[in-house]
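In this chain, residues are counted from 1 in sequence order. These figures come from a predicted structure and were not determined experimentally.
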Amino acid sequence: MTMQENQTRERVVDSAPYGFDDLAGLMSRMTGDEKHSEAATSTMDALWVLYDRVLNVDSSLREDRDRFYLSKGHGPQAFYAVLCAKGFFAPELFDMFGAFRSPLGYHPDRALVPGVEISSGSLGHGLPLAVGTALGLRARGLDGSRLWVMLGDGEFDEGSNHEAVAYAARAGLDRLNAVVIDNHSATQGWPGGLESRFAAEGWATRRVDGRDHDALERAFTAPHPGRPALVVADVGAPGDR
């Protein structure tokens, strides 16, 4: 039995329930020098709301599922913790985090970690990949599947994201949703906030408190017929947390 097959078996039989308050404890089991802790904790609330209240996805990974792409792939500990909490793999894997032959690397690998849809870590790739996937789902008639991609505000120093933003609304990709974790780390700001860049291209946009679960849920589930949607989850600057 391969490592991937063994993980698949474990994620089915080991589905002990965890809640949001358990995430910090799960994350604490992942030790090492490359944790990017602030990058990880900035995503924790939005990830939890998506997987607990919004996404139609589970460990069966059926074809008509929603898709979630973590473009902000450095510091994936919160993502791993949420996947574990939702039964995708057993928590014992955390004790191997970052070790040689461990499936849980410093960047998530779709071939090794159950529930990970794209390998990521090199910034600026997630949104273009999501645009391509949204086009593919539409071509295959999978109109019930929604696609979410999570980015960091600093990723908009990458030109590939601006091309994806410009194209998505013009293509009417209304199954595409982006959430940007804004921890005020970008070197290039935008007048009116990052959401103004998306709004200018025709996206539906909202900015919310990135720690308020009810506000996140309302923003994530607001209708946006005919165009893609952006939610900016403002978590404050690192020194403010």
Would you name the heavy atoms of Ala164 and Leu127 that are closest together and state the gap between them?
CB-CG, 3.8 Å
Single-linkage hydrophobic cluster Leu123~Leu194, side-chain heavy atoms < 4.5 angstrom
no
Trp48/Leu216 under side chain to side chain contact (heavy atoms under 4.5 Å, CB included): CA gap, chis, key distance, verdict:
CA-CA 10 Å; Trp48 179 256; Leu216 286 166; over 6 Å; no
Taking the side chain from Thr205 and the backbone from Ala199, do they hold a donor-acceptor pair closer than 3.5 Å?
no
For Thr133, the option from Leu176, Leu147, Val149 that meets side-chain contact (heavy atoms from CB on, under 4.5 Å):
Leu147
Is there side-chain contact between Val54 and Arg146, with at least one heavy-atom pair below 4.5 Å?
yes
So Thr43 and Phe79, side chain to side chain contact (heavy atoms under 4.5 Å, CB included) or not? Walk me through it.
CA-CA 8 Å; Thr43 67; Phe79 185 36; 5.9 Å; no
Nearest-0.5 Å distance that lies between atom CG in Asp58 and atom CG in Asp66
10.5 Å
Tell me whether Tyr69 is reachable from Leu142 by hopping between hydrophobic residues (I, L, V, M, F, W, Y) whose side-chain heavy atoms are closer than 4.5 Å.
no
Mind running salt bridge (charged side-chain N to carboxylate O under 4.0 Å, His left out) on Arg53 and Asp214 for me, showing each step along the way?
CA-CA 10 Å; Arg53 305 186 186 185; Asp214 291 336; 2.9 Å; yes
For the CG atom of Asp52 and the NZ atom of Lys86, what is their distance to the nearest 0.5 Å?
3.5 Å
Output yes when a side-chain donor or acceptor of Asp22 lies under 3.5 Å from a complementary backbone atom of Ala85, and no otherwise.
no
In the structure I gave you, are the side-chain heavy atoms of Arg67 and Leu137 within less than 4.5 Å of one another anywhere?
yes
Calculate, to the nearest 0.5 Å, the distance between atoms CE and OG belonging to Met150 and Ser120 respectively.
11.5 Å
If we ignore hydrogens and angles and just use 3.5 Å, is the side chain of Arg170 paired with the main-chain N or O of Tyr167 as donor and acceptor?
no
Check the hydrophobic clustering (I, L, V, M, F, W, Y; side-chain heavy atoms under 4.5 Å; chains of links allowed) and say if Tyr18 and Phe97 are grouped together.
yes
Validation row: Phe20, His213 side chains within 4.5 angstrom (heavy atoms)
yes
Between Asp182 and His184, is a side chain to side chain contact (heavy atoms under 4.5 Å, CB included) present by the stated rule, with each step listed?
CA-CA 5 Å; Asp182 189 356; His184 306 272; 3.9 Å; yes
Would Val116 end up clustered with Tyr106 when hydrophobic side chains under 4.5 Å apart are linked, directly or stepwise?
yes
Closest non-hydrogen atom pair, Ile118 against Gly126:
CD1-CA, 4.2 Å
Do the non-hydrogen side-chain atoms of Phe88 and Leu61 ever get within less than 4.5 Å of each other?
yes
Any side-chain heavy atom of Val113 within less than 4.5 Å of one from Leu104?
yes
Roughly how far, to the nearest 0.5 Å, is the CD atom of Gln77 from the CE atom of Met30?
5.5 Å
For Thr41 and Met27, run side chain to side chain contact (heavy atoms under 4.5 Å, CB included): C-alpha distance rounded to whole Å, both residues' side-chain angles, the deciding distance at 0.1 Å, then the answer.
CA-CA 9 Å; Thr41 56; Met27 290 174 64; 4.0 Å; yes
For Ala215 and Val208, work out which heavy atoms get closest and say how close.
O-CG1, 4.1 Å
I need the minimum non-hydrogen distance between Ser160 and Gly124, along with the two atoms involved.
OG-O, 2.6 Å
With the side chain counted from C-beta on, respond yes when Arg197 and His162 share a heavy-atom pair under 4.5 Å apart, and no when they do not.
yes
Compare every heavy atom of Ala233 with every heavy atom of Gly210, then report the nearest pair and how far apart it is.
CA-CB, 3.8 Å
I'd like to know whether Phe156 forms a ring pair (Phe, Tyr, Trp, His ring centres under 6.0 Å) with Phe198, so could you lay out the CA-CA distance, the side-chain angles of the two residues, the decisive distance to 0.1 Å, and finally the verdict.
CA-CA 11 Å; Phe156 288 88; Phe198 286 74; 5.5 Å; yes
Answer yes or no: is there a side-chain heavy-atom contact under 4.5 Å between Leu26 and Phe94?
yes
What is the minimum heavy-atom distance between Ser145 and Glu63, and which atoms define it?
OG-O, 4.1 Å
First locate atom CG of Asp234, then atom CG of Asp209, and finally report the distance between them rounded to the nearest 0.5 Å.
7.5 Å
Could you measure the distance from the OG atom of Ser196 to the CD atom of Glu201? Nearest 0.5 Å is fine.
10.5 Å
Any donor-acceptor pair under 3.5 Å from Arg110 side chain to Ser119 backbone:
no
Do any pairs count as a side-chain hydrogen bond (donor to acceptor under 3.5 Å, both in side chains) and have a residue in residues 171-181, sequence neighbours left out, and if so which ones?
Asn177-His224
Under the 4.5 Å side-chain heavy-atom rule for ILVMFWY, direct or indirect, which residues accompany Phe100?
none
Hey, does Tyr51 have a side-chain heavy atom less than 4.5 Å from the side chain of Trp148?
no
